[in-house]
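Counting starts at 1 for both ligands and their atoms, following the listed order. Keep in mind that what you see is a predicted model, and the values were worked out from it rather than measured.
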Amino acid sequence: MVRDLILKNRSYRRFYQEAAIELETLRELVDLARLSASAGNRQPLKYILSCHPEKNALIFQQLAWAAYLKDWPGPSEGERPSAYIIILGDTEVSRQFLCDHGIAAQSILLGATERGLGGCMIASIKVDGLRKALSIPPRYEIMLVLALGKPKEKVVIESVGADGDIKYWRDSNSVHHVPKRRLDEIIIG
Ligand SMILES: Cc1cc2nc3c(=O)[nH]c(=O)nc-3n(C[C@H](O)[C@H](O)[C@H](O)COP(=O)(O)O)c2cc1C
């Protein structure tokens with residue numbers, strides 16, 4: 001079952017924007033992150049939640065989507081995320097966040113997938129712009145933005161071919177293809 005959930009938990013970038021996500025759902029998802037592993041159990045991560053169109057629009061402007069899809073500027077109006085969870089590192093708790101934010105992000109996205117939602121981790125963030133737009137105090141480092149919504153696209157996993165190209169691509173039906181390396185390639189000993 002974990003494998004099924006992980007297979008389903010793809011990076012989605014086009015959504016049914018009109019499908020609202022409740023604040024309580026976002027709180028439940030952050031609770032999964034709260035219960036996850038943290039280096040030294042320091043738990044330095046803090047979160048900003050957004051599920052209202054105005055706040056969502058402010059966040060959307062500060063994100064970059066799908067760098068390999070050169071001709072695609074990101075989801076158009078109507079296909080944008082209906083919610084976001086911004087993961088912050090609280091420097092007054094710790095200066096080192098190690099991989100806490102990655103673990104938190106995965107817990108949240110698996111929880112979203114279980115609920116029939118989907119999302120995308122976004123690290124390409126205009127951090128100064130986002131900080132200003134949401135008045136995020138300097139003590140918080142902006143680590144990741146999780147875009148969330150009801151997925152509107154099909155994503156399929158492929159094997160990396162002989163040319164070794166790992167770039168994802170979209171076919172003529174807008175199906176998104178993601179090449180993954182073979183197990184034998186990544187287990188080296
Ligand atoms: C740390 C991290 C940062 C990412 N940042 C971005 C990003 O800024 N923009 C984006 O469109 N996708 C981003 N992604 C999504 C990756 O492109 C995606 O995970 C990859 O293409 C594999 O697809 P999959 O998640 O469906 O397996 C990020 C993923 C991770 C793990």
Test: Asp31 and Arg34 ion pair at under 4.0 Å: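 A salt bridge is present here (some side-chain N lies under 4.0 Å from a carboxylate O).
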
Report the member of Ala66, Ala147, Gly102 with the shortest heavy-atom distance to atom 10 (C) of ligand 1.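 Ranked by closest heavy atom to atom 10 (C) of ligand 1, first place is Ala66.
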
Can you list the residues that meet the side chain to side chain contact (heavy atoms under 4.5 Å, CB included) rule with Asn173, with sequence neighbours excluded?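 Once residues adjacent in sequence are excluded, the partners of Asn173 under the side chain to side chain contact (heavy atoms under 4.5 Å, CB included) criterion are Asp171, Val175.
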
Among all protein heavy atoms in this structure, tell me which lies nearest to atom 28 (C) of ligand 1, with the distance rounded to 0.1 Å.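 Ranked first by proximity to atom 28 (C) of ligand 1 is Met121 O, 3.2 Å.
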
Among all protein heavy atoms, pick the one closest to atom 16 (C) of ligand 1 and tell me residue, atom and distance.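 Looking at atom 16 (C) of ligand 1, the protein heavy atom closest to it is Arg13 NH2, 3.6 Å.
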
Does the N or O separation between Ser11 and ligand 1 drop below 3.5 Å for any pair?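 Yes, at least one N or O pair falls under 3.5 Å.
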
Could you tell me whether some N/O pair between Lys180 and ligand 1 is separated by less than 3.5 angstrom?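 For ligand 1, there is an N or O atom that lies under 3.5 Å from one belonging to Lys180.
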
Determine if the distance from atom 7 (C) of ligand 1 to the closest protein heavy atom is below 4.0 Å.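 Looking at atom 7 (C) of ligand 1, one finds that a protein heavy atom does lie closer than 4.0 Å.
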
Going by distance alone, is a donor N or O of one side chain under 3.5 Å from an acceptor N or O of the other, for Glu54 and Asn56?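 Glu54 vs Asn56: no donor-acceptor pair found between side chains.
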
Show which atoms of ligand 1 fall inside a sub-4.0 Å distance from at least one heavy-atom site of Ala64.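 Those atoms are 7 (C), 8 (O), 9 (N).
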
Is it the side chain (CB and beyond), the backbone, both or neither of Ile122 that lies under 4.0 Å from ligand 1, heavy atoms counted?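 It is both backbone and side chain that touch ligand 1.
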
For ligand 1, does Cys120 get within less than 4.0 Å through its side chain, its backbone, both, or neither, judged by non-hydrogen atoms?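 It is the side chain that gets close, since no backbone atom is under 4.0 Å.
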
